[in-house]
Each structure stands twice: as C-alpha cells, then as structure tokens.
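Whatever order the structure lists them in is the order used to number ligands and atoms, beginning at 1.
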Amino acid sequence: MNSSRRRFLRYAVGSSLGAIALGWLFDFSRQGQALDLEQLCLKYPYNSRCADYVPGTPATDAEGTVYSVSALLTQQAVGDRVRVEGLEKPAFIVITDGPAIAPYGLSAVCTHLGCIVDWNGEAFVCPCHGSRYDSLGRVTRGPAVRSLALITVATGDDKVGLLDQPPEADPRE
Ligand code: FES
C-alpha cells in the first residue's frame, strides 16, 4: 500500500470515528435538554446535572416553605412524626436515631373514610371517627381496618423529596 493511500485510509477512518463521537455527543445533549431532570437522572445518573438531584416532590410545611434536612434534624426530636405537604395529600416523615430522616413516611389519609389524621406524640388519631394508628401507621383502634399507606422519602444535598410509592423496605416487617 502506498503512502498516499495509507494517509487516505487513516483520514477516512479518523473522520468516521469523529463523526460517530460528535453524533453521540449531540444526541446525548439533545436528550438532556428534552428530558426533564427526573427522567434525565433516571436514565443518566452520572450526568453532571444529577449530582445534587433528589427524586420526588420537595417536602414543605403548611405555608409552602421547603424543608431542608438540616432544619428538620435541628428542630425535631428522634421519634417525631412531622407533617409535610408536597404530595396530593399530607404525609408524615419520621425522624429516626442518628438523628436522620427515615427512607419511608406515612400518608396522613385515614384508611376509613379519608380524613386527615393527627400525630399526638404517641399515635396517629383520626378526628372524624376516632381510628388510631401506632407510630408505624398500624391500626390499633377502628373503625379503620387498614394501615396508613407508606410513602418513599428521599434525602440528599440537604433536600427532602417525597414519592407517592411504597419504600423499598417495609418498616413494618
Ligand atoms: Fe378516620 Fe373515619 S375517616 S376514622
């Protein structure tokens, strides 16, 4: 093979590889723009935009002020259940030993007829017909017969995210 042919082949292969790499990068960046952050970080968790990403809806107080992990852990005691907004209905997050925020929370919706339960420091109590639930949301007094629903609580980068889905590990088992 003469040297000009070799040069041509090298040029052709190099150009093709460069075009493939540029295409991939372009496609990757287009996908990054088209996807919202949640989709992007689920698909590409190592994307630089996902370093501080916490899934779910930010937990807020009743006035809509976003809770931070550090503020919650400073203001609350171990064992507290803190009512938070962010999902369609209120929920409670759980302060555990550490102190830390548990990776699960409890829906505040009574499983009898859907009133919002209160936390009295020892139990969840429904103001409508008196159902009671223990600290993990299990029924201790009817008329409710089903436990409070569990939610997933994600933390990171001093943020608290709420997801309306069961946690990976069931704290009641
Ligand atoms: Fe809660 Fe009836 S709605 S006890």
**OP:** Kindly give the heavy-atom pair with the smallest separation between Leu136 and Arg81, and that separation in Å.
**Re:**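 That would be CD2-NH2, 4.2 Å.
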Run the numbers for me: atoms of ligand 1, each under 4.0 Å from some heavy atom of [X], listed by number.
X: His112; answer: 1 (Fe), 2 (Fe), 3 (S), 4 (S)
X: Leu113; answer: 3 (S)
X: Cys126; answer: 1 (Fe), 3 (S), 4 (S)
X: Cys110; answer: 1 (Fe), 3 (S), 4 (S)

Subject >> 2.8 Å cut-off met by an N, O or S atom of His129 to atom 2 (Fe) of ligand 1 >> reply: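 Yes, His129 qualifies, because one of its backbone or side-chain N, O or S atoms lies under 2.8 Å.
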**OP:** State whether Cys128 contributes an N/O/S atom found under 2.8 Å from atom 2 (Fe) of ligand 1.
**Re:**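 No - counting backbone and side chain alike, Cys128 has no N, O or S atom under 2.8 Å.
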**OP:** For the pair Ile151 and Tyr104, evaluate side chain to side chain contact (heavy atoms under 4.5 Å, CB included) and give the outcome as yes or no after the intermediate values.
**Re:** CA-CA 6 Å; Ile151 64 163; Tyr104 64 87; over 6 Å; no
**OP:** Taking the side chain as every heavy atom from C-beta outward, state whether Thr140 and Tyr133 have any atom pair closer than 4.5 Å.
**Re:**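 No, their side chains stay 4.5 Å or more apart.
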Subject >> Sub-4.5 Å side-chain heavy-atom contact between Ile101 and Thr96 >> reply: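 Side chain of Ile101 against side chain of Thr96, heavy atoms only: no contact under 4.5 Å found.
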**OP:** Report yes or no: do Ser70 and Asp158 form a side-chain donor-acceptor pair below 3.5 Å?
**Re:**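 A donor-acceptor contact under 3.5 Å links the two side chains.
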Original post:
What protein heavy atom sits nearest atom 4 (S) of ligand 1, and how far off is it?
Top reply: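 Looking only at protein heavy atoms, the one closest to atom 4 (S) of ligand 1 is Ser131 OG, 3.2 Å.
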Original post:
Does any N, O or S atom of Cys115, backbone or side chain, fall under 2.8 Å from atom 1 (Fe) of ligand 1?
Top reply: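 Of the N, O and S atoms in Cys115, none lies under 2.8 Å from atom 1 (Fe) of ligand 1, which means no.
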Original post:
Would you say Cys115 and Cys110 have SG atoms less than 2.5 angstrom apart?
Top reply: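 Cysteines Cys115 and Cys110 do not qualify as a disulfide pair, their SG atoms being 2.5 Å or more apart.
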